[in-house]
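Note: hydrogens, waters and symmetry copies are ignored here, and every other heavy atom, side chains too, is used. Predicted model only: the values in this text are computed from it and were never measured.
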Amino acid sequence: MRPTSPLWYLLALLLALGSWMAAAAVAAGDWDPMRDAEVTRVRDRLPDDAGPGRVAAYTDTLQPERDLTCVLVHGSKATRTETPLHDPGVDLTTEQDGITWHLVAVSDPGTDRDGTAVRCRMGDEVVDTAAYAWAAVPDPSAARTGQGVGALGTALAVGLAGWTAFGRHRVRASAR
């Protein structure tokens, strides 16, 4: 069977769109650990055996008009280094002990979390009444799976469109 109908192009387009919709749904699962995480106040350090992964920073009071910076602090005062946490780009909340915590920052995947502390401060140096907390969450894996689903679906759609173009060309060539 040779795909010679122009409707095969439509099928290829629907295949690509469907695969990217499925990829987005799969990749969205990476935020679930941050939504379900057990939040710990920032006065406590991460355990010494936390291992690599991501660290999420939360606040109980959103202040979008102020410049918030969160960092991971490694080592003691003499050997202190800081790793900046970045804006997650999503509005995500988790509920714990009657407090609604808002995700404000997250570390890069594979961050060394052993014995680190999370520190958040406002850039304007004005007194801050918000409470901050952290959670150790696993590295993203669903995003990579979603990316593979999308890439595979797109490759199949391109292959189907190419096969259709080849089949239509052969039919036209044999009609001459």
Can you tell me how far apart [atom1] ([X]) and [atom2] ([Y]) are? Round to the nearest 0.5 Å.
{"X": "W8", "Y": "L15", "atom1": "CH2", "atom2": "CG", "answer": "11.0 Å"}
{"X": "H102", "Y": "L62", "atom1": "NE2", "atom2": "CG", "answer": "4.5 Å"}
{"X": "Q96", "Y": "E38", "atom1": "CD", "atom2": "CD", "answer": "5.5 Å"}
{"X": "M34", "Y": "L103", "atom1": "CE", "atom2": "CG", "answer": "6.0 Å"}
{"X": "T59", "Y": "W101", "atom1": "OG1", "atom2": "CH2", "answer": "7.0 Å"}
{"X": "M21", "Y": "L14", "atom1": "CE", "atom2": "CG", "answer": "9.5 Å"}

Quick check: closest heavy atoms across [X] and [Y], and the distance to 0.1 Å?
{"X": "A23", "Y": "G146", "result": "CB-O, 2.9 Å"}
{"X": "L85", "Y": "S107", "result": "CD2-CB, 3.3 Å"}
{"X": "S19", "Y": "G150", "result": "OG-O, 3.8 Å"}

Beyond-backbone contact of [X] with [Y], side-chain heavy atoms, under 4.5 angstrom:
{"X": "Y58", "Y": "T94", "answer": "yes"}
{"X": "T69", "Y": "P84", "answer": "no"}
{"X": "H74", "Y": "T83", "answer": "yes"}

Exercise: do W20 and T154 side chains pair donor with acceptor under 3.5 Å: yes

Exercise: do H86 and D108 side chains pair donor with acceptor under 3.5 Å: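 Side chains of H86 and D108: pair found under 3.5 Å.
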
Short question: side chain of [X], backbone of [Y] - any donor-acceptor pair under 3.5 Å?
{"X": "D87", "Y": "G89", "value": "yes"}
{"X": "T61", "Y": "A130", "value": "no"}
{"X": "E82", "Y": "V71", "value": "no"}
{"X": "T116", "Y": "L72", "value": "no"}

Do [X] and [Y] sit in one hydrophobic cluster, given that two such residues count as connected whenever their side-chain heavy atoms are within less than 4.5 Å of each other, even indirectly?
{"X": "V39", "Y": "I99", "result": "yes"}
{"X": "Y132", "Y": "V73", "result": "no"}
{"X": "L7", "Y": "W163", "result": "no"}

Quiz: residues 164-173 side-chain donor-acceptor pairs under 3.5 angstrom, not counting sequence neighbours:
residue: T164; atom: OG1; partner: L160; partner atom: O; Å: 2.8
residue: R168; atom: NH1; partner: T4; partner atom: O; Å: 2.7

D60 and T100: CA distance, side-chain angles, deciding distance, side-chain contact (heavy atoms from CB on, under 4.5 Å) verdict: CA-CA 6 Å; D60 65 345; T100 301; over 6 Å; no

Electrostatic pair R66:D124 at N-O distance under 4.0 angstrom: yes

